[in-house]
K.L.:
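The structure is given below, and queries will be raised subsequently.
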Amino acid sequence: PRMGIAGAALGTVISQTAMLALLLVMSARDPAIGGGSGLMRACVRIDRPLTRKIVRYGLPTAAYATADFSTLTFFTFLTGRLDALSFAVSNVAFSVNYLLLAPIQGFAMGAGTLVGQYQGAGDSAGATRAGWRVLVLAELYTFVAGGLILGFHEQILDLSTGASTG
């Protein structure tokens with residue numbers, strides 16, 4: 001709290017750097033990659049067909065995420081020009097919105113993985129079942145979370161403003 005936004009930025013940079021270091025150490029020790037010497041070879045050697053697949057399937061997701069976070073950042077900058085209460089309410093709305101959407105994105109990632117595994121195994125019926133199950137789970141989550149947010153909207157707002165609306 002004492003360092004304010006600069007402290008939050010510093011904390012983010014430190015945590016991301018620590019995560020990178022930890023992942024590099026774990027990768028270097030992984031026998032599947034070949035230990036310390038195999039890691040460098042695995043990173044330097046380019047598998048063109050695999051790289052094309054990664055870009056083909058990853059680029060649309062990356063573009064979506066970039067557009068999503070860019071618009072959120074832009075809108076946050078715009079709402080920062082509002083009075084303090086309006087800015088707080090806007091931040092609550094975005095936080096609650098993310099609370100609803102992040103798990104759905106996780107469900108989508110899980111669905112893509114499961115459906116892809118079933119399709120890769122030649123089991124179209126299993127892929128269809130997995131897709132429908134994930135859809136039902138995502139809808140159930142949305143219904144429950146939305147109901148909780150509607151039922152406790154005043155308390156959620158109170159958490160952000162520190163004032164009592166009820």
K.L.:
Could you grab the distance from atom CD of E139 to atom CH2 of W132, nearest 0.5 Å is fine?
P.N.:
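Reported value, rounded in 0.5 Å steps: 10.0 Å.
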
K.L.:
Mind checking the CG-CZ spacing from L72 to F77? Nearest 0.5 Å is all I need.
P.N.:
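So the CG of L72 and the CZ of F77 are separated by 10.0 Å.
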
K.L.:
State, to 0.1 Å, how close G146 and L100 come at their nearest heavy-atom pair, and which atoms those are.
P.N.:
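Heavy atoms only, the tightest pair is N-CD2, 4.0 Å.
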
K.L.:
Specify the closest pair of heavy atoms between V134 and A111, including all atoms of both residues, with the distance to one decimal.
P.N.:
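Scanning both residues, the minimum pair turns out to be CG1-CB, 3.5 Å.
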
K.L.:
I'd like to know if V13 and I5 are part of one continuous hydrophobic network [Ile/Leu/Val/Met/Phe/Trp/Tyr, side-chain heavy atoms within less than 4.5 Å].
P.N.:
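No, I5 and V13 fall in different hydrophobic clusters.
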
K.L.:
Please report the interatomic distance OG1(T142) to CD1(I149), rounded to the nearest 0.5 Å.
P.N.:
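So the gap between those two atoms works out to 10.0 Å.
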
K.L.:
Mind listing the closest non-hydrogen atom pair of A138 and I104 along with its distance?
P.N.:
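Minimum heavy-atom contact is O-CD1, 3.6 Å.
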
K.L.:
For Q119, check side chain to side chain donor-acceptor pair (under 3.5 Å) against everything at least two apart and list the hits.
P.N.:
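So Q119 forms a side chain to side chain donor-acceptor pair (under 3.5 Å) with S124.
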
K.L.:
Hey, what do you get for CG (L78) to OG1 (T71), rounding to the nearest 0.5 Å?
P.N.:
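Nearest 0.5 Å value for the CG-OG1 distance: 11.0 Å.
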
K.L.:
I'd like to know whether CZ of F152 has more than 12 heavy-atom contacts from other residues, nucleotides or ligands below 6.0 angstrom.
P.N.:
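No, not enclosed.
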
K.L.:
Kindly indicate whether the side chain of L20, heavy atoms from C-beta on, has any atom under 4.5 Å from the side chain of Q16.
P.N.:
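Result no, sub-4.5 Å side-chain heavy-atom pair not found.
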
K.L.:
What's the separation between atom CZ in F74 and atom OG1 in T79, rounded to the nearest 0.5 Å?
P.N.:
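F74 atom CZ to T79 atom OG1 measures 10.5 Å (nearest 0.5 Å).
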
K.L.:
Answer whether the closest heavy-atom distance between the side chains of D123 and R129 falls below 4.5 Å.
P.N.:
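With C-beta onward as the side chain, the pair touches.
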
K.L.:
Could you list the residues that satisfy side-chain contact (heavy atoms from CB on, under 4.5 Å) with L101, not counting sequence neighbours?
P.N.:
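L101 satisfies side-chain contact (heavy atoms from CB on, under 4.5 Å) with N97 once adjacent residues are dropped.
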
K.L.:
Can you name the nearest heavy-atom pair linking Y141 to P103, along with the distance?
P.N.:
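Taking every non-hydrogen atom into account, OH-CG, 3.3 Å.
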
